[in-house]
Amino acid sequence: VSNSKLAEEWSFPEGVTYLNHGSFGPPPRCVREARREFQRRLDAQPMDFFLRQFPREWIATRKRLAAFVGADADDLIMVDNATVGMNIVAASVELRPGDEVLCNNHEYGAVLRIWERACRRSGAKLVVPELPFPFRSPEELADKLLQGINRRTRLLVFSHVTSPTAVVFPAERLCRAARQAGVAVCIDGPHAVAMRPLDLKSLDCDFYTASCHKWLSAPFGSGFLYVHPRWQAAIQPAIVSWGRVAEGEESSWRNEFQWLGTRDPSAWLSVTAAINFLEQGGLEDFRRGTHELARYAREQVTRLTGLEPPVPDDDAWYGSMATLPLPPGEAEPLQRDLWQKHGIEAPIIDWSRQRWIRVSCHLYNREADVDRLVAALRNLL
Ligand SMILES: Cc1ncc(COP(=O)(O)O)c(C=O)c1O
């Protein structure tokens, strides 16, 4: 099946140009149907579903997802989203007064808040260095970030693909260096799932937390947390319930995460359908095609504004979305006008004393969407 054929699995309301798959990626029709089918089975016979079907499906989903991200299924649990995963990590890494957690200024606001609270409660310190931007080389980025490590640093937290700036961080290099320094690494990865090839085993990070409802286009409310075996004994659940052992599973750290009280697990279980869907058209082709369109957006917006993009034109630096600088002005009214006057959904971001636009490109986006965006920006700026 070609990727242009797969694009027909999405339909938006008339007049909507959706260029924000990176924030909220709507699932394609077949994934919605897969979810509805799980809900139908759950509602039809809850006893059978919760007691007999769900444990089996939970294990199968974890196996499929683990293979997709290059992890062992024993090291991965389903969570609602990256935020939940990050909160579990923050509740599990024991910090002492004087310890430091190293982030940086490209991190997601909610993630900074999670670590601010964890540090405040334990007397530790959150360190958020400003990295030199635009980025010129991965060496420079890594060197600057790693300068923040000292003997008090307990954990390095960084995004695999950053939210405000859409930059791919050199994850392998950072993990290697942190390991050499004896510092644990937690990667915030929601934008990387499907957008980048993942091999968590060889990455050898300590934690990797992600949402599957972005680039993978699984239902909203699906994500995962990967925990390296060296940390599994320390993991604390955010929600305590029965700690039930799934039939067919050994007792393990995962027990606490299968049953979180009675809830609808259909989003988690439909992750398999989302992986199957994207793999039909070929992941390489998906990545190449969406990157080419992000590159086109970058060229067109740059031509309009005359402002240089913040990273070199290379798919090592950005994948299916690009963040580009805009002339000075307020972010919020521009985003509102894009939507109200032109039907265009794209985030306008105030970040580091500059106004930016982030353009996300998925299978259903075309050059015509970007052209409409650029025409609207020409009009509004
Ligand atoms: C880098 C990054 N981390 C974390 C999150 C939080 O994801 P979620 O809202 O799915 O928990 C986002 C969401 O946009 C993100 O971009």
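Values in this document were obtained by computation on a predicted structure and should not be read as measured data. When a ligand or atom number is given, it counts from 1 through the structure's own listing order.
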Between [Y] and [X], do the side chains contain a donor N or O and an acceptor N or O under 3.5 Å apart?
X	Y	result
His362	Tyr18	no
His21	Tyr364	yes
Ser251	Asn255	yes

- Could Asp99 and Arg152 be called an ion pair, given the rule that one side-chain N must be under 4.0 Å from one carboxylate O? no

- Taking only residues at least two apart or on different chains, which pairs with a member in residues 254-280 satisfy salt bridge (Lys or Arg N to Asp or Glu O under 4.0 Å)? Arg64-Glu279, Asp74-Arg254, Asp80-Arg263, Glu249-Arg254

- Any donor-acceptor pair under 3.5 Å from Arg372 side chain to Thr17 backbone: no

- Note on the structure: The answer, listing residues by chain and number that come under 4.0 Å of ligand 1 through any heavy atom, is Asn81, Ala82, Thr83, Tyr108, Ser159, Ser163, Asp188, Pro190, His191, Ser211, His213, Lys214

